[in-house]
Amino acid sequence: MTYTFQFGIVFDRFPQLVEGALLTIRLAALAMVFGLIVAVICAYLRTSGPKPVRVLVGAYVEAIRNTPFLVQLYIIFFSLPAIGIRFEANTAALVAMIVNLGAYATEIVRAGVQSVPPGQIEVGLALGLKRLQIYRFIVLFPAIKAVFPALASQFILLLLGSSVVSAISANELTAIANTLQSTTFRAFEVYIVVTLMYLAIAVAFRALFAGIYWFVFVRGRGA
C-alpha cells in the first residue's frame with residue numbers, strides 16, 4: 001500500500017490551526033496564572049490553616065489528583081448546569097484546567113514550603129511577624145524557587161493535556177485539527193502538522209520558564 005502526502009491541503013487551512021493554537025496558548029497561560037494562585041493559597045491553608053480547612057483542602061487535592069481530567073471537565077460543563085451554573089465551552093475548559101492544575105500545584109508548592117528551614121520561620125516569629133506575613137515574606141520566595149522546575153513541568157503537562165478540552169468542543173488546536181481531518185480526510189498530514197505545532201509551543205514555554213527562573217531567582221538575587 002502506498003500513501004502520498006498532500007500537505008498543501010493542510011497549509012491552505014493553516015490560519016485555522018494558528019487560531020486554535022492561539023486559543024490553546026491563551027487557555028494554558030491563564031490556567032497557569034490562576035492555577036498557581038489557587039496553589040499558593042491552598043498550600044498555605046493546608047500547612048497553616050485550621051484543621052477543618054486543612055481537611056477540606058486535602059479533600060479537594062486528593063479528589064482532583066485521583067480522578068480523570070476528562071471527568072472533571074464533564075462535571076463542570078455538563079453537570080453544573082443542572083444546579084444553574086453554566087459555562088460556555090471555552091470558559092468551562094479554562095475553569096477545569098485551573099481546578100486541575102491548582103490541585104497538582106498545591107502539592108508541589110507545599111513540598112517547597114516544607115523545604116524551607118524552620119530557623120527562618122523562627123526568625124520571623126521572633127521579629128513579631130504573623131504567620132501569613134511569614135508565609136508571604138519569608139517562606140514563599142525560597143519555596144517557589146525550590147520547586148520551580150517541578151511547577152514548570154506541571155505547567156507543560158497542563159498545556160499538552162489541554163487537548164482533552166476538545167471533547168466539549170472548545171475551539172483549541174486539537175478540536176480544529178479534528179474538524180480539518182474530518183473534512184479533508186488527510187489525517188496523517190493534519191496530525192503531523194499539529195504535532196509539530198504542539199512541540200513548538202511546548203519548547204517555547206520551556207524557554208520562557210527558563211528565562212523567568214533566571215530573571216527572578218538568579219539575576220534578581222545577584223542584583
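Values below: every heavy atom of this structure, side chains too, minus hydrogens, waters and symmetry copies.
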> Counting only heavy atoms not in Arg54, do more than 12 fall under 6.0 Å of its CZ?
Replying inline: yes
>> Under 3.5 Å, is there a donor on one side chain and an acceptor on the other for Glu172 and Ser162?
In response: no
> Leu140 and Val218: same hydrophobic cluster, using ILVMFWY side-chain contacts below 4.5 Å?
Replying inline: yes
> Under a single-linkage definition using a 4.5 Å side-chain heavy-atom cutoff for Ile, Leu, Val, Met, Phe, Trp and Tyr, are Val194 and Leu157 assigned to the same hydrophobic cluster?
Replying inline: no
>> As a quick check of understanding, evaluate side chain to side chain contact (heavy atoms under 4.5 Å, CB included) for Val40 and Tyr44, giving each step before the final call.
In response: CA-CA 6 Å; Val40 169; Tyr44 172 75; 5.9 Å; no
> Sub-3.5 Å donor-acceptor pair from the side chain of Gln133 to the main-chain atoms of Lys130, do we have one?
Replying inline: yes
> Could you go step by step and tell me if Phe209 and Phe155 meet the ring-ring contact (aromatic ring centres under 6.0 Å, His included) rule?
Replying inline: CA-CA 10 Å; Phe209 291 138; Phe155 290 160; 5.6 Å; yes
>> I'd like to know whether CD of Glu19 has more than 12 heavy-atom contacts from other residues, nucleotides or ligands below 6.0 angstrom.
In response: no
>> Within this structure, what is the CD1-CE distance for the pair Ile176 and Met197, rounded to the nearest 0.5 Å?
In response: 10.0 Å
> Taking all non-hydrogen atoms of both residues, which atom of Ala43 and which atom of Val109 are closest, and how far apart?
Replying inline: CB-CG1, 3.6 Å
> Below 6.0 angstrom between ring centroids: does that apply to Tyr3 and Phe188?
Replying inline: yes
>> Would you say that more than 12 heavy atoms from the other residues, nucleotides or ligands in this model lie under 6.0 Å from the OH of Tyr60, or not?
In response: yes
>> Applying salt bridge (Lys or Arg N to Asp or Glu O under 4.0 Å), can you list everything that pairs with Glu189, at least two apart in sequence or on another chain?
In response: Arg186
> Mind checking whether Phe14 and Val18 have side chains closer than 4.5 Å, heavy atoms only?
Replying inline: yes
> Shortest non-hydrogen contact from Ala28 to Leu159?
Replying inline: CB-CD1, 3.6 Å
>> Thr174 vs Tyr198, test: side chain to side chain donor-acceptor pair (under 3.5 Å). Steps then yes/no.
In response: CA-CA 10 Å; Thr174 300; Tyr198 272 115; 2.6 Å; yes
> Roughly how far, to the nearest 0.5 Å, is the OG atom of Ser79 from the CD1 atom of Ile85?
Replying inline: 11.0 Å
>> Working note: Tyr191 + Asn178, criterion side chain to side chain contact (heavy atoms under 4.5 Å, CB included); need CA distance, chi angles, decisive distance, verdict.
In response: CA-CA 9 Å; Tyr191 291 118; Asn178 291 340; 2.5 Å; yes
> Tell me, do Val123 and Gln120 make a side-chain contact under 4.5 Å, heavy atoms counted?
Replying inline: no
> Atom CG in Leu129, atom CD1 in Ile121: separation rounded to 0.5 Å?
Replying inline: 11.5 Å
>> Applying a strict under-4.5 Å side-chain criterion to I, L, V, M, F, W and Y, I'd like to know whether Leu94 and Val71 cluster together.
In response: no
> Can Met97 and Leu101 be said to form a side chain to side chain contact (heavy atoms under 4.5 Å, CB included), step by step?
Replying inline: CA-CA 6 Å; Met97 291 168 69; Leu101 176 64; 6.0 Å; no
> Donor-acceptor pair, Gln6 side chain versus Ile9 backbone, under 3.5 Å?
Replying inline: no
> Which heavy atom of Ala170 sits nearest a heavy atom of Ala93, and at what distance?
Replying inline: CB-CB, 4.2 Å
> Got Ile64 and Phe69 here, is their nearest side-chain heavy-atom distance under 4.5 Å?
Replying inline: no
> Do Leu125 and Ile138 belong to the same hydrophobic cluster, where Ile, Leu, Val, Met, Phe, Trp and Tyr are linked whenever their side-chain heavy atoms lie under 4.5 Å apart, directly or via other members?
Replying inline: yes
> What are the two closest non-hydrogen atoms of Ile134 and Gly124, and how far apart are they?
Replying inline: CD1-C, 3.8 Å
>> Pair Phe87, Phe77 - check ring-ring contact (aromatic ring centres under 6.0 Å, His included), show working.
In response: CA-CA 6 Å; Phe87 297 110; Phe77 188 65; 9.1 Å; no
> Has the side chain of Asn66 got a donor or acceptor atom that lies under 3.5 Å from a matching backbone atom of Glu62?
Replying inline: yes
> How many angstroms lie between CG in Leu27 and CE in Met32, if you round to the nearest 0.5 Å?
Replying inline: 10.5 Å
> Could you give the distance from OG (Ser169) to CG (Asn90), rounded to the nearest 0.5 Å?
Replying inline: 10.0 Å
> Do Val57 and Val55 sit in the same hydrophobic cluster, where Ile, Leu, Val, Met, Phe, Trp and Tyr count as joined when their side-chain heavy atoms come under 4.5 Å apart?
Replying inline: no
> Does any non-hydrogen side-chain atom of Leu158 lie less than 4.5 Å from one of Tyr104?
Replying inline: no
> Roughly how far, to the nearest 0.5 Å, is the CG atom of Leu30 from the CD1 atom of Ile25?
Replying inline: 12.0 Å
>> If you count heavy atoms of other groups shown closer than 6.0 angstrom to CZ of Arg65, is the number above 12?
In response: yes
> Step by step, would you call Arg86 with Leu80 a side chain to side chain contact (heavy atoms under 4.5 Å, CB included)?
Replying inline: CA-CA 6 Å; Arg86 298 178 184 277; Leu80 288 185; over 6 Å; no
> When Ile144 is tested against each of Val216, Leu151, Val113 for side-chain contact (heavy atoms from CB on, under 4.5 Å), which residue passes?
Replying inline: Leu151
>> With side chain to side chain donor-acceptor pair (under 3.5 Å) as the criterion, how do Thr183 and Arg13 come out once you've worked through the C-alpha distance, each side chain's angles and the decisive distance to 0.1 Å?
In response: CA-CA 11 Å; Thr183 56; Arg13 304 187 185 186; 3.0 Å; yes
>> I need the minimum non-hydrogen distance between Ala31 and Ile98, along with the two atoms involved.
In response: CA-CG1, 3.8 Å
> Between Leu73 and Ala96, what is the shortest heavy-atom contact and its length?
Replying inline: CD1-CB, 3.7 Å
> Is there a donor-acceptor pair under 3.5 Å between the side chain of Glu107 and the backbone N or O of Val61?
Replying inline: no
